[in-house]
Amino acid sequence: MSPRVSSGSITHFTRRGFAASSLASLAASRVVGAEQEADGASNNSRLKHGATILFQGDSITDAKRSRGAVEANSQPALGGGYAWLAASQLLVDRADGGLEIFNRGVSGDKIPDLAARWQAECLDLKPDVLSILIGVNDIWHKLE
């Protein structure tokens, strides 16, 4: 007998999937757009060969990534959220680009936590492109 799935759970799953893929598409386009803007380049420019891209933030970025996996371009290290989806798209679109993509988001972090690990988890990686999503925990902890 197959498990029953309610239409409500399908709707919830579909909405989450759509939201995640929308965030990933936006993140990938923003990464490329920021690179083009910084270089004053045209729409057909590319990230430099071997560019390092870093996603940094709180739980939205963390997305259950494996903190034991630290290598670039690894799905366990990238998690299961927008960082992984954006990285996947970038790695497909620029398969010969030598991109190195990292996720250093930590669930539950607030801005002071990010600042405390900034040297080791950002500056030492010397990212060419940095995406930061953090701040939700800073707000909701003050609302309690």
Side-chain angles (χ1 to χ4, degrees), residues 2-3 5-142:
S2 64
V5 179
S6 72
S7 63
S9 64
I10 292 171
T11 302
H12 177 74
F13 177 79
T14 303
R15 285 182 183 156
R16 285 188 65 193
F18 176 74
S21 65
S22 296
L23 269 174
S25 295
L26 178 61
S29 68
R30 295 302 298 164
V31 165
V32 174
E35 179 265 337
Q36 291 170 348
E37 190 175 302
D39 289 346
S42 67
N43 286 338
N44 61 5
S45 87
R46 298 181 184 259
L47 292 164
K48 74 177 186 177
H49 185 80
T52 298
I53 300 168
L54 172 61
F55 291 92
Q56 187 60 272
D58 53 26
S59 60
I60 294 170
T61 306
D62 181 319
K64 298 182 181 178
R65 71 180 178 91
S66 171
R67 297 217 183 91
V70 296
E71 63 278 358
N73 307 341
S74 159
Q75 190 280 318
L78 289 166
Y82 83 93
W84 170 66
L85 292 167
S88 298
Q89 188 65 56
L90 287 166
L91 292 168
V92 166
D93 291 348
R94 292 165 174 77
D96 61 348
L99 299 177
E100 291 192 331
I101 306 174
F102 298 92
N103 180 354
R104 294 297 186 262
V106 174
S107 184
D109 261 12
K110 293 184 248 177
I111 292 170
D113 302 315
L114 178 63
R117 56 191 177 85
W118 195 248
Q119 182 66 49
E121 294 190 3
C122 181
L123 299 179
D124 290 351
L125 284 173
K126 298 181 171 115
D128 297 292
V129 178
L130 172 62
S131 170
I132 303 173
L133 271 175
I134 195 163
V136 171
N137 296 315
D138 297 84
I139 299 298
W140 78 262
H141 282 269
K142 292 180 186 206

Quick one: [atom1] on [X] to [atom2] on [Y], what's the gap to the nearest 0.5 Å?
X: Arg94; Y: Gln89; atom1: CZ; atom2: CD; result: 9.0 Å
X: Leu91; Y: Asp96; atom1: CG; atom2: CG; result: 11.5 Å
X: Gln56; Y: Asn103; atom1: CD; atom2: CG; result: 8.0 Å
X: Thr61; Y: Asp109; atom1: OG1; atom2: CG; result: 10.0 Å

> How close do Ser107 and Ser59 get, heavy atom to heavy atom, and via which atoms?
Replying inline: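 Minimum heavy-atom separation between Ser107 and Ser59: OG-CB, 3.2 Å.
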
Is a side-chain donor or acceptor of [X] paired with a backbone partner of [Y] at a separation under 3.5 angstrom?
X: Asn73; Y: Leu99; answer: yes
X: Asp93; Y: Leu90; answer: no
X: Asp58; Y: Val106; answer: no

Can you find a heavy atom in the side chain of [X] that is under 4.5 Å from one in the side chain of [Y]?
X: Asp124; Y: Gln119; result: yes
X: Val70; Y: Arg104; result: yes
X: Ile132; Y: Phe55; result: no
X: Leu78; Y: Arg65; result: no

> Looking at residues at least two apart in the chain, or sitting in another chain, which of them share a side-chain contact (heavy atoms from CB on, under 4.5 Å) with Ala69?
Replying inline: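 Ala69 satisfies side-chain contact (heavy atoms from CB on, under 4.5 Å) with Ser66, Glu71, Ser74, Pro76, Ala77 once adjacent residues are dropped.
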
>> Using side chain to side chain contact (heavy atoms under 4.5 Å, CB included), reason through Glu100 and Leu125 one step at a time and then give a plain yes or no.
In response: CA-CA 10 Å; Glu100 291 192 331; Leu125 284 173; over 6 Å; no

>> Using the rule given for side chain to side chain contact (heavy atoms under 4.5 Å, CB included), can you reason through Leu54 versus Asp128, listing the C-alpha separation, both sets of side-chain angles and the distance that settles it, and then say yes or no?
In response: CA-CA 8 Å; Leu54 172 61; Asp128 297 292; over 6 Å; no

>> Could you work out, with salt bridge (Lys or Arg N to Asp or Glu O under 4.0 Å) as the rule, every residue matching Arg67, not counting sequence neighbours?
In response: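 Expected list: Asp62.
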
>> Checking Ile53 against Ser131 for the side chain to side chain contact (heavy atoms under 4.5 Å, CB included) test, could you report, in this order, the C-alpha distance in whole Å, the side-chain angles of both residues, the deciding distance, and whether it holds?
In response: CA-CA 8 Å; Ile53 300 168; Ser131 170; over 6 Å; no

>> Using side chain to side chain contact (heavy atoms under 4.5 Å, CB included), reason through Tyr82 and Leu133 one step at a time and then give a plain yes or no.
In response: CA-CA 11 Å; Tyr82 83 93; Leu133 271 175; 3.4 Å; yes

>> Restricting to side chain to side chain donor-acceptor pair (under 3.5 Å), what partner residues turn up for Glu121, sequence neighbours left out?
In response: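 Glu121: side chain to side chain donor-acceptor pair (under 3.5 Å) contacts with Arg117.
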
